[in-house]
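In what follows, chains carry the letters A, B, and so on, assigned in the order in which the sequence lines appear, proteins first and then strands, with residues in each chain numbered from 1.
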Number of protein chains: 2
Amino acid sequence: MTIRQVATTAGLSPATVSRALSGSRRVAPELQARALAAAEQLGYRANRVARALRTRSTGTVGMVVPNIANPFFPVIIQAVEKQLRAQGTQLLLCDSGDDVRQEAELVHSLLEHRIDGILVSPCDRVSSRTTVRLAASQVPVVQIDRRAGSEVAFVGVDQDRAMAEVVEHLARQGCRRFAYVASSSRASTAAERSRGYRRAVQRFANGSHDRLYAGDFSMEWGREAARRLLAERDLPDAVVCANDLVALGVLDVLRSHGVDVPGDVLLTGFDDTEVAAVTWPPLTSVRQPLEEVGRRAVELLRTVPDRADGGPVRATLFRAELVVRRSTQPGARPGESWPPAGPRGQAGPQEASRAAGS
Amino acid sequence: MTIRQVATTAGLSPATVSRALSGSRRVAPELQARALAAAEQLGYRANRVARALRTRSTGTVGMVVPNIANPFFPVIIQAVEKQLRAQGTQLLLCDSGDDVRQEAELVHSLLEHRIDGILVSPCDRVSSRTTVRLAASQVPVVQIDRRAGSEVAFVGVDQDRAMAEVVEHLARQGCRRFAYVASSSRASTAAERSRGYRRAVQRFANGSHDRLYAGDFSMEWGREAARRLLAERDLPDAVVCANDLVALGVLDVLRSHGVDVPGDVLLTGFDDTEVAAVTWPPLTSVRQPLEEVGRRAVELLRTVPDRADGGPVRATLFRAELVVRRSTQPGARPGESWPPAGPRGQAGPQEASRAAGS
DNA sequence: CGTCTTTGGGATAACGATTTCCAAGAGACC
DNA sequence: GGTCTCTTGGAAATCGTTATCCCAAAGACG
């Protein structure tokens, strides 16, 4: 089923049919109708491969994320896909498995497929840099959530500030001695959260008794860290976790060792994944405006010039929202604990257009 | 950067370079080396769009799932992607949002993009049928996890049997009065689970006091169902849920109303998602061999003939494994509850090759 | 030594769309 | 009425690759 056949049945030339269907040039109404009718009758749908070869646009955008099994990413992916769909674009999704080599391979493969742009959440804020830059020299690229360098457009959330709010909240609850179960700082978000945590602890708690454990963004690491924590001679007032998965792992081990949250120690997660609200105790976490991040990233992808050429690079930073739940409210009596109605921070986008390299 | 330029710098014809790079025909070693060197030097990577146009194969497989935010799917997707990667194929992932119209639209779009095959988890076991059949008439199609009709190849898990094991386990724990928080039976898995549940209740508990609530696969529905359950005058012995998300929602509301699990009522999930093990109490659930399902589906995709033409249709059914945890062990004392060490069913593949329409 | 087969390189024709480019016809305007 | 512009349909070039076809050279074999 080619455009040629449609043209034949319509008694027209392929050129005219093409124009009639795409509206790229005016076609006499009568011929247009004939073309449309023939296409309809034959159930013709254009071969996008052929079209892509000629127009040099595939109508496809690639996206590379570190790990779809981390419930944080599906939410972003859905937002991105929804937005892309609205403009008739397909999403080519890849999971880099948090591996820089894999990530590079995937990006190259996407480029071979001549995608129209790439959304990438670089798994390593340093080593992913060359890959991101290379990609950006060929097609529009937007970094989403995580970044590797500031030479390429970025849309994400102010992690530093969000983490500071977490610590401030804990300090207000009377916590003075903190432990941080971090993810290794290969991911930019992890690095920013760590930094935010450290600075906030300095400010709000005078940096006392600041223990830090570095692993990854997994539940299993949370378990391991909790075991190490328990092996020390005393518990901190609060355990801050790099994300919800880690917090769940920590919670699991604490509980199995008879440590009560929030009675004996307060606990926080990050990302406000769906499960954070239904664990026991429900987890205080940080909600990010993912819908907006996704939308903005797609939007930005269309305005990024084809080949990054030293012009100003756009970066959008959204503000996250602290969601307080029972895991940081030792005072709440069971009756009061549902529904959770703690104080909340405000959210709102915060745009910054900066020169490259800033 | 085209093959023509490579050919020029190598002092060869494009045809020879093409052959040298793809190995589709023997090329004199010396010329081969020259072609490779030139390609390497120029950093040439073939334009897959042009190649696809000529060879009628894009090296891309489409996958349509109902909802990536359901943590069950990312696991399957990862398995599929891993397997595809091994054969150098890209995955074009789509989320149908559990909507039949959307699903149809996506499948059409995939066909336009001339993907080499489609993996689909049809959202409606009845209405998705036409779409699946249409797709199968154009490219190889394998249904994965869910199915719509048996005219198209399928890889999945024996839901019916798995659910029977759940009920049997509960009956052994002394439960006689059951409630089932179902997902509406639009998804084939939901329908099979319901059927398995009903039959097992008949057999093991004489069908006494069998309440059923039908909603969807979401946590929110679990909450709603639990509220309805609590509104009735008495609680059943056990609440069986269509999947883990639903169970989490149920658990959340039960807890907030002071109902103890497993003290007052036993509770089960399905899918054994990562969180099932870390809720409190940990959730008895059903683990499916998703890695194998994914692998088998990709494998099958390669052997399915291009156009479904009435030959025998392959269907592979794997067996799931019951994972018993504290939510169904009222007798376990806290000290014993960790790690969970309940009896486990065995898993194993179970292949069936059946004629179409069976 | 002649013929017959095999091997391998290169020219060229696809693949299926879009997009020049060209030409014919219709108005416009002096 | 003549020229000039504008419109619009169709022929043909084009995108970058691979497959087909042809031909020359080399080797096989009687």
Side-chain angles (χ1 to χ4, degrees), chain A residues 1-39 42-60 88 90 109 111-116 138-139 306, chain B residues 1-39 42-60 88 108-109 111-116 138-139 306:
Chain A
M1 177 49 42
T2 78
I3 203 174
R4 187 152 252 111
Q5 295 172 48
V6 177
T8 309
T9 53
L12 297 170
S13 77
T16 306
V17 175
S18 170
R19 296 197 263 250
L21 295 182
S22 73
S24 64
R25 227 181 65 179
R26 202 176 174 291
V27 172
E30 199 250 335
L31 302 192
Q32 165 127 9
R34 261 204 280 157
L36 255 43
L42 298 176
Y44 169 75
R45 302 206 90 184
N47 180 333
R48 302 195 66 133
V49 173
R51 174 183 298 170
L53 180 59
R54 181 67 236 246
T55 64
R56 340 199 96 200
S57 159
T58 51
T60 292
Q90 276 282 338
S109 172
L111 291 174
E112 272 183 53
H113 278 280
R114 293 302 195 272
I115 34 71
D116 295 339
Q138 314 235 17
V139 298
D306 247 304
Chain B
M1 179 46 45
T2 77
I3 203 174
R4 185 152 255 113
Q5 295 173 48
V6 177
T8 310
T9 53
L12 297 170
S13 77
T16 307
V17 175
S18 170
R19 297 198 264 249
L21 295 182
S22 73
S24 64
R25 229 179 66 177
R26 202 175 175 292
V27 172
E30 198 249 334
L31 302 192
Q32 165 127 9
R34 260 203 282 157
L36 255 43
L42 298 176
Y44 169 76
R45 304 205 90 184
N47 180 334
R48 303 195 65 135
V49 172
R51 174 182 298 169
L53 181 58
R54 183 67 238 245
T55 64
R56 339 201 86 178
S57 158
T58 51
T60 292
H108 278 104
S109 171
L111 291 174
E112 271 182 54
H113 278 280
R114 293 303 194 269
I115 34 70
D116 296 338
Q138 314 235 19
V139 297
D306 245 304

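The distance from atom CG of A/Leu42 to atom CD1 of A/Ile3, rounded to the nearest 0.5 Å, is 12.0 Å. Interatomic distance, A/Gln138 CD to A/Arg114 CZ, rounded to the nearest 0.5 Å: 7.5 Å.
At whole-Å resolution of the value, CG in A/Leu53 and C1' in D/dT14 are 9 Å apart. The CZ atom of A/Arg34 sits 13 Å away from the C1' atom of D/dG10 (whole-angstrom rounding). The separation between A/Leu31 atom CG and D/dG9 atom P is 5 Å, rounded to whole Å. We find that CG of B/Leu21 is positioned 11 Å from C1' of D/dT17, with the value rounded to whole Å.
Map B/Arg25 and B/Tyr44 each onto its nearest nucleotide of DNA chain D; the residue landing nearer the 5' end is B/Tyr44. When the nearest nucleotides of DNA chain C are assigned to B/Pro14 and B/Arg114 by heavy-atom distance, the more 5′-ward of the two goes with B/Pro14. Nucleotides of DNA chain C nearest to B/Ala50 and B/Leu12 differ in position, and the one nearer the 5' end is that of B/Leu12. Both B/Ala46 and B/Arg19 lie close to DNA chain D; mapped to their nearest nucleotides by heavy-atom distance, the more 5′-ward contact belongs to B/Ala46.
Contact check for B/His113 versus B/Thr60: no side-chain heavy atoms found under the 4.5 Å cut-off. Proximity of A/Asn47 to A/Thr2: side-chain heavy atoms (C-beta onward) are nowhere separated by under 4.5 Å.
The two residues A/Ala52 and B/Val49 come nearest to each other via the heavy atoms CB-CG1, 3.8 Å. Heavy atoms only, all atoms of each residue included: A/Gln32 and A/Val27 are closest at N-CG1, 3.8 Å.
Checked by atom type and distance alone, the side chain of B/Thr55 pairs as donor or acceptor with a backbone atom of B/Arg51 at under 3.5 Å. Distance alone, capped at 3.5 Å, is enough to place a donor-acceptor pair between the B/Ser22 side chain and the B/Ser18 backbone.
Applying the 3.5 Å distance criterion, the base of D/dT17 shares no donor-acceptor pair with the side chain of B/Arg54.
As judged by a 4.0 angstrom heavy-atom cut-off over every strand, A/Ala15 is placed among the base-contacting residues. Across all strands shown, B/Val49 has no heavy atoms under 4.0 Å from either base or sugar-phosphate atoms.
Of the side-chain N and O atoms in B/Arg4, none sit less than 4.0 angstrom from OP1 or OP2 of D/dG16.
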Identify each donor-acceptor pair in which a side-chain atom of residues 4-11 of chain A lies under 3.5 Å from a protein atom, sequence neighbours left out, and give them as a table.
from   : atom 1 : to     : atom 2 : distance (Å)
A/Thr8 : OG1    : A/Arg4 : O      : 2.8
A/Thr9 : OG1    : A/Gln5 : O      : 3.3
A/Thr9 : OG1    : A/Val6 : O      : 3.0

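Extent of DNA chain C lying under 4.0 Å from chain A heavy atoms, first and last nucleotide in 5' to 3' order, is C/dG16 to C/dC21.
Where the helix from C/dC1-D/dG30 to C/dC30-D/dG1 starts and where it ends, the local axes point in directions that differ by 50°; five pairs per end, rounded to 10°.
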